[in-house]
Amino acid sequence: MKQFFYAKDIGDIKAALEEARQVKANRLAWRGLGEGKTIMLVFFNSSLRTRLSSQKAALNLGLSPIVLNIGQDSWKLETELGVVMDGDKSEHLREAIPVMGCYCDLIGVRSFAGLTDREADYAESVLQQFVQYSGRPVISLESATVHPCQAFADLITIDEHKRKPRPKVVLTWAPHPRALPQAVPNSFAEWMIAAGMDLVITQPEGYELDPRFTSGARIEYDQMKALEGADFVYAKNWSCPGVTNPEQYGQILSHDRSWTVDEAHMAVTDNAFFMHCLPVRRNVIVSDAVIDAPTSLVIPEAANREIAAQVVMKRMLESL
Ligand code: AN0
Ligand code: CP
């Protein structure tokens, strides 16, 4: 495996889930695989789960992690080509990436969407520079439009908790005070569809996700109707994807708190499990009662981030 960005990169989903079960049952069985090898984990943005689970997954494989926080531990990096670098950025990605590539065997990159230039974000311009200039297999640790490590962990979690072969999974938009990327819902939708789940997406008008990630899902603008009979409720905020109106890309179109997932929402489901990738704002995205209920899977999802990351790194090491 040379890149991990999209659901197709993992190949057969059933095989990937089986491998995840094996890894989870015996995390240290491949300790020799990463011996003498290094993974560089590059963070342009904050992280709790991704940085810790990636380091833990690497350590399980005997792979040494090096973590670099751009702009804090390193120079501030320019990411756009062709600019006159007389501002606060001391170094360009064009040099920094091949230098990083010299010191590692695998690279993981967290680089959020800028949310101003839709075309640049959806072209994954930063991630593609890592592919082009590092000479190493690259993992998206949430890039502009995708968060595959999260989606894979979410799929593992659903697979572990499902009570029927094809559960109804509802991805619901929820309010948030800041404009957030579309990476998490994009990848969640893409992976649920790839895994053959019955996926319903519900959001206020204008928040339609890019069809390249959602085609095959049912769209329902009435949140309560969407939630009826759900087996899993996956809440997430995202900013305007700019599909229907490109000028609104990255904007907040609604602060409607009636979309906050509370007990009244969960009451119309089929005793659904609640899911969120975290970090979550309590009583904005989800009520205390719902996230604290025994049906909340937020911690098991986070725990499965280690497993998902380990399967991905294992496959990359096997194909070096
Ligand atoms: C980020 C997002 O929505 O993409 C990271 C989620 C894993 N969330 C925030 O910035 C709050
Ligand atoms: N879910 C997730 O990716 O969390 P972090 O942003 O803390 O890594």
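Read the numbers this way: they start at 1 and go in the same order the structure lists the ligands and their atoms.
When hydrogens are left out, the protein atom nearest atom 4 (O) of ligand 2 is Arg49 NE, 2.8 Å; that is the closest non-hydrogen contact. Of all protein heavy atoms, the one closest to atom 7 (O) of ligand 2 is Leu48 N, 2.6 Å. Nearest protein heavy-atom neighbour of atom 6 (O) of ligand 2: Arg110 NH1, 2.7 Å. In terms of protein heavy-atom proximity, atom 2 (C) of ligand 2 is nearest to Arg305 NH1, 3.3 Å.
Taking 4.0 Å as the cut-off between side-chain N and carboxylate O, Asp9 and Arg315 do not count as a salt-bridged pair. Comment: Asp88 engages Lys76 in a salt bridge, judged by a side-chain N to carboxylate O separation of less than 4.0 angstrom.
The six-membered or imidazole ring of Phe188 lies near that of Tyr234, with a centre-to-centre distance under 6.0 Å.
The backbone N or O of Thr79 sits less than 3.5 Å from a side-chain atom of Gln129, completing a donor-acceptor pair. Side chain of Tyr207 to main chain of Leu253: a donor-acceptor pair is present (N/O by atom type, distance under 3.5 Å, no hydrogens or angles). Judged purely by atom type and a 3.5 angstrom limit, Arg136 uses its side chain to pair as donor or acceptor with the backbone of Cys104. Put simply, the side chain of Arg110 gets close to the backbone of Ser46: a donor and an acceptor are under 3.5 Å apart.
Within the 4.5 Å cutoff, the side chain of Leu171 has heavy atoms near those of the Pro185 side chain. Residues Asp231 and Thr269 form no side-chain contact, since every pair of their non-hydrogen atoms from C-beta on lies 4.5 Å or further apart.
The side-chain tip of Arg94 points at the ring of Tyr133 from less than 6.0 angstrom away and within 45° of straight on.
At a 4.0 Å cut-off, not a single heavy atom of Glu142 sits close enough to ligand 2 to count as contact. Ligand 2 is never approached by Arg51 to a heavy-atom distance shorter than 4.0 Å.
When only interatomic distances are considered, the shortest N/O to N/O separation between Thr50 and ligand 2 falls below 3.5 Å. Taking only nitrogen or oxygen atoms, main chain and side chain alike, Leu278 reaches within less than 3.5 Å of ligand 2.
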List below, pair by pair, the N or O atoms of ligand 1 and of the protein that are less than 3.5 Å apart, including the distance to 0.1 Å; reply 'none' if no pair qualifies.
residue	atom	partner	partner atom	Å
ligand 1	3 (O)	Lys236	NZ	2.7
ligand 1	4 (O)	Glu142	OE1	3.3
ligand 1	4 (O)	Glu142	OE2	2.6

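The distance from ligand 2 to the heavy atoms of His147 drops below 4.0 Å at these ligand atoms: 2 (C), 3 (O).
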